[in-house]
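Let me begin by presenting the structure, written as structure tokens, before commenting on it.
None of these values were measured; they are calculated from a predicted model. Below, read A as the first sequence line, B as the second, and so on, with proteins coming before strands; counting in each chain starts at 1. Side chains included, hydrogens not; waters and symmetry mates left out as well; all remaining heavy atoms used.
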2 protein chains.
Amino acid sequence: MVYDYAGMVALADPTRRKVFELIADRPRSVIDLTRVLPVSQPAVSQHLKVLKEARLVRAEPKGASNIYHLDPHGLGEMRAWLDRMWGDALDAFKREVDNSKEKRK
Amino acid sequence: MVYDYAGMVALADPTRRKVFELIADRPRSVIDLTRVLPVSQPAVSQHLKVLKEARLVRAEPKGASNIYHLDPHGLGEMRAWLDRMWGDALDAFKREVDNSKEKRK
DNA sequence: CATAATCATAAACCATGGCTTATGATAAGC
DNA sequence: GCTTATCATAAGCCATGGTTTATGATTATG
């Protein structure tokens, strides 16, 4: 356990999460994203690169522009990863509650 | 939307996530954590500070040592936050699938 | 009361990464 | 074909943050 997980790092940055959410709203081109965001076009491209490597997002060339969509692959992986970590945390918390109950006896 | 979310940032760093998972396994003192981790005691304390401010973790003084437990407050908040974001992402993906179906007609 | 143990904070260091400008590559439009 | 539009990459800058050593505060121990 405890490797570095790309999806987590990808969504930790506020701007990058904004990019992700914009794409989640609907597929968008790089320029389309740049128009909305307060950063330059290369900055957007770099965020997209990170999201793409985490497989959270997928590029679909259309003419001169690149339309970015959500990518089910990484989306599923991250969901599974979160569920696992979340399950562990909740189980741990449950154990803790049981322990304090036990002590109170 | 799209503010910075403390819980997300808190769990983005690998070492800090390791700290969180160790505490999730069972409550531990700072020294106990330091013995396991490959970083110094002050480093551990600083990670704990971040986790505590995100309300993912809670300190319980016991003599000279500080026992850290999971904190249900932040845990619940983060879970809700993830569910919300995740719901949005999944809805968006669903919409996308429906759209491509529509196109194929 | 003095020493040891545990922890948090401060200061300094330095790598990481997010941002910018500059530039080249590809595709559309005239 | 030449210009325009869209995008990715490179190089450089700089703030952020994760780390270390040093130190002080608090509590147990003898």
Side-chain angles (χ1 to χ4, degrees), chain A residues 1-23 26-71 74, chain B residues 1-23 26-71 74:
Chain A
M1 270 241 196
V2 192
Y3 348 69
D4 210 346
Y5 178 58
M8 201 68 185
V9 177
L11 294 183
D13 178 73
T15 304
R16 198 155 48 227
R17 197 165 52 241
K18 201 168 183 175
V19 171
F20 174 78
E21 291 175 359
L22 285 170
I23 296 176
R26 60 181 166 84
R28 300 179 196 237
S29 68
V30 178
I31 275 225
D32 199 352
L33 291 167
T34 304
R35 271 191 270 264
V36 177
L37 296 165
V39 296
S40 68
Q41 174 266 312
V44 174
S45 280
Q46 292 180 30
H47 285 306
L48 287 170
K49 186 178 185 181
V50 175
L51 289 172
K52 187 166 59 178
E53 283 170 351
R55 313 203 62 176
L56 291 174
V57 131
R58 167 179 59 83
E60 192 164 290
K62 182 161 191 175
S65 62
N66 234 346
I67 313 295
Y68 280 85
H69 302 248
L70 292 187
D71 185 352
Chain B
M1 268 235 196
V2 191
Y3 340 71
D4 210 345
Y5 178 59
M8 201 68 183
V9 176
L11 294 183
D13 178 73
T15 303
R16 198 155 47 227
R17 197 165 53 240
K18 202 169 185 174
V19 171
F20 175 77
E21 291 176 359
L22 285 170
I23 295 176
R26 59 179 166 84
R28 299 180 196 238
S29 69
V30 178
I31 275 226
D32 199 353
L33 291 167
T34 305
R35 272 191 270 264
V36 177
L37 297 165
V39 295
S40 68
Q41 173 265 312
V44 174
S45 280
Q46 291 182 38
H47 284 307
L48 288 169
K49 186 178 184 180
V50 175
L51 289 172
K52 188 166 59 178
E53 283 170 353
R55 312 203 64 176
L56 291 174
V57 132
R58 166 180 59 85
E60 190 163 293
K62 181 162 190 174
S65 63
N66 234 346
I67 313 295
Y68 280 85
H69 302 249
L70 292 186
D71 186 351

Side chain of B:Arg58, backbone of B:His69: donor and acceptor closer than 3.5 Å? no

So if I define the base as every atom that isn't primed, P, OP1 or OP2, how would nucleotides 17-27 of chain C read as a B/S/- string at a heavy-atom cutoff under 4.0 Å? -SBBBB----S

Qualifying residues under side-chain hydrogen bond (donor to acceptor under 3.5 Å, both in side chains), relative to B:Asp71, sequence neighbours excluded: B:His73

Send over the distance from A:Arg28 CZ to D:dT6 C1', rounded to a whole Å. 17 Å

Whole Å only: how far is the CD atom of B:Glu60 from the C1' atom of C:dC7? 16 Å

D:dT6, OP1 or OP2 - any side-chain N/O from A:Tyr68 closer than 4.0 Å? no

Rounded to whole Å, CD1 of B:Ile31 lies from P of C:dA8 at a distance of 11 Å

To the nearest angstrom, the CG-C1' distance between B:Asp32 and C:dC7 comes to 14 Å

So, B:Lys62 and B:Glu60, do they make that salt bridge, N to O below 4.0 Å? no

Whole-Å gap separating P (D:dT19) and NZ (B:Lys49): 15 Å

A:Arg28 side chain to A:Leu22 main-chain N or O, any donor-acceptor pair under 3.5 Å? yes

Working to the nearest 0.5 Å, report the span between CG of A:Leu48 and OH of A:Tyr68. 5.0 Å

Rounded interatomic separation in angstrom, taking CD1 from A:Ile67 and P from C:dA28: 12 Å

Which of these nucleotides, C:dA8, D:dA8, D:dT9, is closest to any side-chain atom of A:Asn66? D:dA8

Okay, side chain of A:Arg17, backbone of A:Leu11: is any donor-acceptor separation there less than 3.5 Å? yes

